[in-house]
*Asks:* 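This is the structure I want to talk about, given as structure tokens.
Note that this is a predicted model, so its numbers are computed, not measured.
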Amino acid sequence: MNAAASLLEIEALHVRRGGETLLEDVSLTVPRGAITVLVGPNGAGKSTLLAAVLGEIEFQGSIRLHWRGDGRIGFVPQRFAVDRTLPLTAMEFLALARQRRPVCLGIAAATRGRIARLLAAAELEGRGERALGQLSGGELQRLLVEHALDPMPELLLLDEPATGLDAAATVRFEERLLCARRESGLSVLMASHDLAQVRRLADQVVVLDRRVIRRGDATAA
């Protein structure tokens, strides 16, 4: 696939840590505007692959990104460790990346409207003043999804994004993701263990177990 059709190209990726091989000779392409889903057992290297794309771990091989815009990557982790004693509210968390003024000096009026829209999209109206540690797992995950999608990235990385979401919230998350893809041409690389969700969302499936076992359409899952 040429650079015009692909956003992300990974070739011969190897990751070793502590003498253990986490990924071996992994090659795959994420097409523009497509949802590519990584599936495989626990320990298959799905999270490791996402970390390599984010530049968080050392690797051998090649990771090439063919940006058309500002090269922004959005990321939603599987688990977001929160210090339950941290006095940071949901509104302040969203403001950190959306205004230059330190949040300890207050949230700018222009920022508040934008944050209100994000809280509404995350179904957290009226909870903006709650500390992050007081949010449920599902509420925090919805907040992270909206945070990752504003401003809209060119590439979105998702690590088990439905973790902590009930069935209804999962449906709304999927609708949100598909809507973002339709409206902006968003490219997605997602790790998932939910095969039903994979069949609903995926344009391309990569079966991973430290190396690429198979890739193709959703029936490959």
Side-chain angles (χ1 to χ4, degrees), residues 35-44 46-51 54 56 72-98 103 107 111-153 155-184 186-202 205 218 221:
I35 298 175
T36 297
V37 183
L38 305 170
V39 300
N42 291 335
K46 301 186 296 294
S47 296
T48 300
L49 180 57
L50 296 180
L54 286 168
E56 294 183 346
R72 183 174 182 273
I73 296 178
F75 176 55
V76 179
Q78 181 177 359
R79 294 180 182 85
F80 184 67
V82 175
D83 182 348
R84 296 289 173 179
T85 67
L86 184 68
L88 182 71
T89 68
M91 184 176 290
E92 290 169 338
F93 170 75
L94 292 173
L96 284 172
R98 292 170 175 85
V103 295
I107 299 175
T111 307
R112 286 183 176 273
R114 183 176 177 185
I115 290 175
R117 291 191 294 272
L118 292 176
L119 290 171
E123 300 178 13
L124 292 173
E125 302 100 320
R127 295 180 176 86
E129 298 296 339
R130 285 192 182 183
L132 287 183
Q134 295 177 337
L135 298 178
S136 70
E139 288 173 335
L140 182 58
Q141 196 73 352
R142 297 199 303 272
L143 187 72
L144 292 174
V145 169
E146 294 306 322
H147 173 63
L149 289 175
D150 179 79
M152 188 64 66
L155 174 64
L156 179 64
L157 304 180
L158 301 169
D159 194 355
E160 305 283 359
T163 299
L165 301 184
D166 60 23
T170 297
V171 169
R172 289 192 290 274
F173 158 74
E174 293 176 1
E175 291 173 346
R176 179 75 175 94
L177 184 62
L178 292 172
C179 179
R181 194 265 299 269
R182 286 194 304 270
E183 293 181 352
S184 72
L186 178 68
S187 303
V188 179
L189 179 60
M190 177 174 77
S192 180
H193 68 277
D194 184 340
L195 297 186
Q197 183 179 72
V198 171
R199 294 187 178 97
R200 290 192 296 268
L201 293 178
V205 176

*Asks:* Report the distance from atom CG of Leu132 to atom CG of Leu88, rounding to the nearest 0.5 Å.
*Replies:* 5.0 Å
*Asks:* Nearest 0.5 Å, please: how far is OG1 in Thr48 from CG in Leu50?
*Replies:* 8.5 Å
*Asks:* State the CD-CD distance between Glu129 and Gln134, to the nearest 0.5 angstrom.
*Replies:* 11.0 Å
*Asks:* Minimum heavy-atom separation for Met152 to Ala180, with atom names?
*Replies:* CE-CB, 3.8 Å
*Asks:* Are His193 and Val39 packed together at the side-chain level, in the sense that at least one heavy-atom pair is separated by less than 4.5 angstrom?
*Replies:* no
*Asks:* If you compare all heavy atoms of Arg142 against all heavy atoms of Glu123, which two are closest, and at what distance to 0.1 Å?
*Replies:* NH2-O, 3.6 Å
*Asks:* Is the shortest side-chain heavy-atom distance between Leu49 and Lys46 below 4.5 Å?
*Replies:* no
*Asks:* In chain order, what residues pass the side chain to side chain contact (heavy atoms under 4.5 Å, CB included) check against Arg127, with sequence neighbours excluded?
*Replies:* Leu124, Arg130, Glu139
*Asks:* Restricting to non-hydrogen atoms, name the atom on Ser192 and the atom on Glu160 that form the minimum distance, rounded to 0.1 Å.
*Replies:* CA-OE1, 3.5 Å
*Asks:* Please confirm whether the backbone N or O of Val171 pairs with a side-chain atom of Glu174, one donor and one acceptor, at under 3.5 Å?
*Replies:* no
*Asks:* What is the distance from atom OG of Ser136 to atom CD of Gln141, rounded to the nearest 0.5 Å?
*Replies:* 10.5 Å
*Asks:* Determine whether Thr36 and Val188 satisfy the following criterion, side chain to side chain contact (heavy atoms under 4.5 Å, CB included), listing intermediate values before the conclusion.
*Replies:* CA-CA 6 Å; Thr36 297; Val188 179; over 6 Å; no
*Asks:* Could you report the tightest heavy-atom contact between Gly128 and Leu119, atom names first, then the distance?
*Replies:* CA-CD1, 3.8 Å
*Asks:* Between His147 and Arg98, do the side chains contain a donor N or O and an acceptor N or O under 3.5 Å apart?
*Replies:* yes
*Asks:* Side chain to side chain contact (heavy atoms under 4.5 Å, CB included), that's the test. Do Leu156 and Leu177 meet it? Break it down for me.
*Replies:* CA-CA 10 Å; Leu156 179 64; Leu177 184 62; 3.7 Å; yes
*Asks:* Are any of the side-chain heavy atoms of Met190 and Leu38 separated by less than 4.5 Å?
*Replies:* no
*Asks:* Mind checking whether Leu158 and Leu189 have side chains closer than 4.5 Å, heavy atoms only?
*Replies:* no
*Asks:* Looking only at heavy atoms, which two atoms of Ala162 and Gln197 are closest? And how far apart?
*Replies:* CB-NE2, 3.9 Å
*Asks:* Grab the two heavy atoms, one from Pro153 and one from Gly74, that are nearest each other, plus how far apart they are.
*Replies:* CB-N, 3.4 Å
*Asks:* Look at Arg117 together with Glu146 and state whether they make a salt bridge at an N to O cut-off of under 4.0 Å.
*Replies:* no
*Asks:* When rounded to the nearest 0.5 angstrom, what distance separates CG in Leu186 from CD1 in Ile35?
*Replies:* 7.5 Å
*Asks:* Considering only heavy atoms from C-beta outward, does the side chain of Val76 approach that of Phe173 to under 4.5 Å?
*Replies:* no
*Asks:* Go through it in stages, so that I can follow the logic: the residues are Leu135 and Phe93, the test is side chain to side chain contact (heavy atoms under 4.5 Å, CB included), and I'd like the CA-CA distance, side-chain angles, deciding distance and then a yes or no.
*Replies:* CA-CA 12 Å; Leu135 298 178; Phe93 170 75; over 6 Å; no
*Asks:* Report yes if some heavy atom in the side chain of Leu94 is under 4.5 Å from a heavy atom in the side chain of Ile107; otherwise report no.
*Replies:* no
*Asks:* State the CG-CZ distance between Leu178 and Arg181, to the nearest 0.5 angstrom.
*Replies:* 6.0 Å
*Asks:* When you compare the side chain of Leu54 with that of Leu157, does any pair of heavy atoms fall below 4.5 Å?
*Replies:* yes
*Asks:* Does Asp166 have more than 12 heavy atoms from other residues, nucleotides or ligands lying within 6.0 Å of its CG?
*Replies:* yes
